[in-house]
Amino acid sequence: MASQEQCEQIGKAFLQHYYNVWSQGKQAWAQLATLYQGASKMQYENTKVEGQQAIMQHIGNLKVNKMQHHIDTLDCQQSGCNTVFVFVTGKVKIDDGQNAVQFTQFFHLIPGDNGSFWLHNDIFRMIYS
């Protein structure tokens with residue numbers, strides 16, 4: 001089982017890649033497909049989808065072109081079977097908007113081949129106040 005320090009390194013490296021792809025714009029989002037598999041589940045706001053193909057279709061149909069995420073807090077925790085839970089709070093700017101919206105996101109990372117991880121669960125919620 002990974003140490004707490006290793007879990008945090010995994011979480012930080014994963015988020016750096018994940019949010020970097022989102023910031024590149026819609027044309028780059030196809031790169032996210034490698035992070036999802038047939039057993040993956042995503043909840044984006046109130047929409048729940050399951051499976052890599054359905055998740056990628058949902059991402060492609062979002063009414064935004066770019067998302068810039070700023071992480072305020074990052075919590076990582078090891079779970080059973082060498083998996084990692086990642087919980088994020090932060091702010092996201094959509095397209096070229098001036099105002100950021102607070103968000104939370106939860107990830108359940110599963111070990112894959114060659115030291116990589118894939119997303120079993122991905123839950124995203126914006127916080128409007």
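Small disclaimer: the values here were computed from a predicted structure and weren't measured.
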Inset, instruction - Side-chain contact test, heavy atoms from C-beta onward, threshold under 4.5 Å: evaluate it for Phe124 versus Met67 and give yes or no. - result: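 A side-chain contact exists here, since the closest heavy-atom pair is under 4.5 Å.
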Calculate, to the nearest 0.5 Å, the distance between atoms [atom1] and [atom2] belonging to [X] and [Y] respectively.
X      : Y      : atom1 : atom2 : value
Phe103 : Ile94  : CZ    : CD1   : 10.5 Å
Asn20  : Gln68  : CG    : CD    : 9.0 Å
Leu109 : Cys7   : CG    : SG    : 9.5 Å
Ser3   : Gln9   : OG    : CD    : 7.0 Å
Leu32  : Leu119 : CG    : CG    : 9.0 Å

Legend entry - Members sharing Phe87's hydrophobic cluster (side chains within less than 4.5 Å):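 Phe87 shares its hydrophobic cluster with Phe85, Phe106, Ile123.
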Inset, instruction - Can you spot which of Thr73, Asp75, Leu15 makes a side-chain contact (heavy atoms from CB on, under 4.5 Å) with Val88? - result: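 The residue from Thr73, Asp75, Leu15 that satisfies side-chain contact (heavy atoms from CB on, under 4.5 Å) with Val88 turns out to be Leu15.
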Legend entry - Under 3.5 Å donor-acceptor, Lys12 side chain and Leu74 backbone: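 No.
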Inset, instruction - Please say whether more than 12 non-hydrogen atoms of neighbouring residues, nucleotides or ligands are located less than 6.0 Å from CD in Gln16. - result: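 No, because the 6.0 Å sphere around CD of Gln16 holds 12 heavy atoms or fewer from other groups.
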Inset, instruction - Evaluate the criterion side chain to side chain contact (heavy atoms under 4.5 Å, CB included) for residue pair Ile59 and Tyr36; output intermediate values, then yes/no. - result: CA-CA 12 Å; Ile59 289 171; Tyr36 298 99; 4.2 Å; yes
Legend entry - Residue pairs involving residues 40-62 (criterion side-chain hydrogen bond (donor to acceptor under 3.5 Å, both in side chains); sequence neighbours excluded):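 Of all non-adjacent pairs touching residues 40-62, those that pass side-chain hydrogen bond (donor to acceptor under 3.5 Å, both in side chains) are Asn46-Arg125.
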Legend entry - Pair listing, side-chain hydrogen bond (donor to acceptor under 3.5 Å, both in side chains) test, anchored in residues 91-116, at least two apart: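 Listed once each, the pairs are Tyr18-Gln105, Tyr19-Gln105, Lys66-Asp96, Asp72-Lys91, Thr83-His108, Gln105-Asp122, His108-Asn121.
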Inset, instruction - Work out which heavy atom in Gly11 is nearest to a heavy atom in Cys76; give both atom names and the distance. - result: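 Taking Gly11 first and Cys76 second, the nearest heavy atoms are CA-SG, 3.8 Å.
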Legend entry - Within the 6.0 Å centroid threshold, strictly below: Phe117 and Phe14: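 Ring centroids of Phe117 and Phe14 are no less than 6.0 Å from each other.
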Legend entry - Hphob cluster co-occupancy, Ile71 + Ile10, side-chain heavy atoms under 4.5 angstrom: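 Yes.
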Inset, instruction - Any chance you could lay out the side chain to side chain contact (heavy atoms under 4.5 Å, CB included) test for His17 and Leu35, step after step, and finish with the verdict? - result: CA-CA 10 Å; His17 170 68; Leu35 301 177; 4.2 Å; yes
